[in-house]
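Here's the structure we're looking at; comments come further down.
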Amino acid sequence: MDVTIYPHALEGTVEAIASKSMAHRQLILAALCPGITDIDCSSSSKDIEATVSCLEALGARIARTKTGFRVRPIPQNAGRLEPTRGATLDCGESGSTLRFMLPVLCALDCGGSLVGHGRLSERPLEPLYGQLVAHGAQLGPEGSFPLSCKGPLDAGTFALAGNVSSQFITGLLLASAIMRDEVEILVEKPVESLSYINMTLDALASFGIEVSRADVIRGGRAYWQLIPTGTRGLKAPGQLSVEGDWSCGAFWLAAGAVGGGGITVRDLSTQSSQGDRRMATVLAAMGGRVSRSAEAVRVEAGKLAGRTIDVSDIPDLSAPIAAVCAYSKGQSQIVGAARLRLKESDRIETICAALGAMGAGIDSDEDSITIDGRDCLTGGQVDAAGDHRIAMMAAVAAAYASGPTTIHGAECVSKSYPGFFDDFRALGGLAEED
C-alpha cells in the first residue's frame, strides 16, 4: 500500500494504543498460570497476534472480547502444565515473540519449533541461544527457520552481558516462572534498556512472582543479580489492563512539537515503567512546550534547537526523535544507536534514507545519526523498508513538508499500530491510500 501525505499540520487529541510490550508479557504469563485472566487491551497488532498464535498453538484458549482478551491457560494436570507437544509456533515478524517464547518453550519441555518471517531470522539470538544450550536445551541451528527446540531447561545461573537485548533477559524471567528450581540471572553492568526489564518485573508481580534484585561481584566483574522467588507459584490476577503505549504515542508528541496547535495523547502514564516515557523530557529539552497530567501528555510547538540524544536505553524513540531533529535549528546527533541496525530494517540506514529523500540534511556512522535541521522539508518518495516506525516517522515529518510525500509499503504500520493512518486523519492529517 502506498500512502501519499499532503502538508497539513496535525493537532487535537488522540488516545494512546495499548502497549504491545506489556501485552506480550501479560498474555504469556496468563497462558502459564492456573485460572482465567481477562486482559483489557484497547488495541491489537500483528506482533500481539503473533504471541497469541504461539500460545494457542501450545494449548491456551484465547478469546477476543469487547475490551481485549480472555485467556484460558495451557491445560494443567495436578499442577503440571501439559502443553501441546511438537507444536509449531509462528512468531510472525515479532522479535519480542521469538525471544520470549524460545526460553518458555524450552522450559515447557514439550518439544516444538519456532518460525518467523521478514528479517526475523537475521535478528541475533546470542547470547540467549548459548545460555539455553548450556542449560540442557537442544536447539536447531541459529539463524534459520524452523528453529527446533527441545527441553528440559535446567535451572541454575544464567549470565548475560548488559549491553545485549533486554528481550533475552525478559525471556529467561518469563521461563523461570514455570521452572521448579531456583534460577539466578546475572546481567553484567552497565545494563542497557533497563526499563524493559522493569516492565517484566511489574508483569511478574501481577502474577504473584517477586524478583529479588542485588548488585554482586563475580570473578571481579559487576553484575545485576535477579532471582525470581515463589516460582511455580503463578497466580491468576483475574483482570489486568494494558497501559497506553509510549513508543507509538511518541510520534504524535513529536508532531505536536514540530507545529500546529498542539497534540494531547491520553492514557500515557507518567508513572509507567516504560522507558519511552522519556520522549516528553527529550522534547522539552529541544524546546517543545510539554505539559503532563496523571494520564495525558500535551506537546505544543516551540523554538526547537538541535541536541545530542543518547538512545541506547530508548532505541524505539530514534525515529520520532529524528523527525523532530529534521525541523530543529542547528545540528542534532542521535548516539548510542548501534542496535538500530538489527531492527525490522537497518534503522540507521532507513531513517537516513527516508528523511534524506524528503530533503533533510542527514548522515550516519556505525552507531550514530547526524541531522542538520531545516526550516522545512520538501517531501518526496519514501520507502518504508518494511519497518513500521519508518512509515510512521515519514508520515509525521511529511505533515509539515512543503510538498507531498508518498510512503511506499505503508501497510507495515500494522505490525504495531494498524489504526495509525486513521488517527493521523483524525488529527487533521491529509493521507490518501493507493
Side-chain angles (χ1 to χ4, degrees), residues 23-39 48 50-63 69-91 96-115 128 131-133 135-139 146-156 158 167-185 200-201 203-211 227-240:
H24 286 306
R25 291 158 169 80
Q26 291 181 353
L27 284 163
I28 292 169
L29 290 169
L32 298 174
C33 76
I36 295 172
T37 303
D38 289 310
I39 299 176
I48 293 174
T51 291
V52 168
S53 172
C54 290
L55 296 171
E56 290 179 328
L58 289 169
R61 294 159 57 200
I62 303 177
F69 301 95
R70 168 163 281 196
V71 183
R72 289 179 170 84
I74 294 169
Q76 299 191 22
N77 183 19
R80 296 184 66 90
L81 289 162
E82 294 189 341
T84 302
R85 304 195 69 82
T88 297
L89 280 56
D90 189 342
C91 301
S96 296
T97 304
L98 173 63
R99 289 162 171 174
F100 296 172
M101 291 307 303
L102 175 57
V104 168
L105 186 57
C106 292
L108 286 170
D109 190 22
C110 58
S113 60
L114 301 108
V115 298
L128 175 63
Q131 284 291 295
L132 295 175
V133 170
H135 286 77
Q138 300 175 48
L139 303 179
L147 174 60
S148 62
C149 176
K150 185 177 180 181
L153 184 65
D154 299 329
F158 295 79
Q167 292 172 353
F168 300 159
I169 300 159
T170 287
L172 290 173
L173 285 167
L174 295 174
S176 73
I178 55 171
M179 295 172 69
R180 291 187 177 278
D181 298 320
E182 185 175 273
V183 170
E184 176 190 50
I185 301 171
T200 307
L201 301 180
L204 285 165
S206 297
F207 287 84
I209 302 294
E210 299 296 332
V211 180
I227 300 178
T229 59
T231 52
R232 281 291 183 181
L234 283 168
K235 299 177 179 63
Q239 187 165 4
L240 289 173

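By convention here, the first residue in the shown sequence is residue 1. Note that the coordinates shown come from a computational prediction; the quantities given were computed from them, not determined experimentally.
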Side chains of [X] and [Y], heavy atoms from C-beta outward: is any pair under 4.5 Å?
| X | Y | answer |
| --- | --- | --- |
| M101 | L58 | yes |
| P228 | L173 | yes |
| P73 | P34 | no |
| I227 | E182 | yes |
| L32 | F207 | no |
| V52 | F69 | yes |
| L172 | V183 | no |
| L114 | T97 | no |

Indicate the atoms forming the closest heavy-atom contact of [X] with [Y], along with that distance.
| X | Y | result |
| --- | --- | --- |
| G151 | Q138 | O-NE2, 4.5 Å |
| E56 | I62 | OE2-O, 3.1 Å |
| A87 | A57 | CB-O, 3.4 Å |
| S206 | P237 | O-CB, 3.4 Å |
| G112 | L105 | C-CD2, 4.2 Å |
| I209 | A177 | CG1-CB, 4.4 Å |

Query raised in the report: Are any side-chain N or O atoms of R85 and backbone N or O atoms of D109, one a donor and one an acceptor, separated by less than 3.5 Å?
Result: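 It does hold such a pair.
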
Query - Under 3.5 Å: donor-acceptor pair, side chain of T229, backbone of E210 - result: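 At least one qualifying donor-acceptor pair exists.
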
Requested in this report: Under the side-chain contact (heavy atoms from CB on, under 4.5 Å) rule, collect the residues that match up with P75, sequence neighbours excluded.
Outcome: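 Result, side-chain contact (heavy atoms from CB on, under 4.5 Å) vs P75: none returned.
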
Requested in this report: Go through the structure and list residues passing side-chain contact (heavy atoms from CB on, under 4.5 Å) with A137, not counting sequence neighbours.
Outcome: C106, L132, L139, L153

Can you name the side-chain hydrogen bond (donor to acceptor under 3.5 Å, both in side chains) partners of [X], sequence neighbours left out?
| X | result |
| --- | --- |
| R70 | D38 |
| Q239 | D40 |
| E82 | N77 |
| S96 | Q167 |

With rounding to the nearest 0.5 Å, note down the distance linking [atom1] in [X] to [atom2] in [Y].
| X | Y | atom1 | atom2 | value |
| --- | --- | --- | --- | --- |
| L240 | Q26 | CG | CD | 4.5 Å |
| F158 | E184 | CZ | CD | 10.5 Å |
| T84 | I74 | OG1 | CD1 | 8.0 Å |
| L234 | L204 | CG | CG | 7.5 Å |
| C54 | L27 | SG | CG | 11.5 Å |
| R25 | T170 | CZ | OG1 | 4.0 Å |

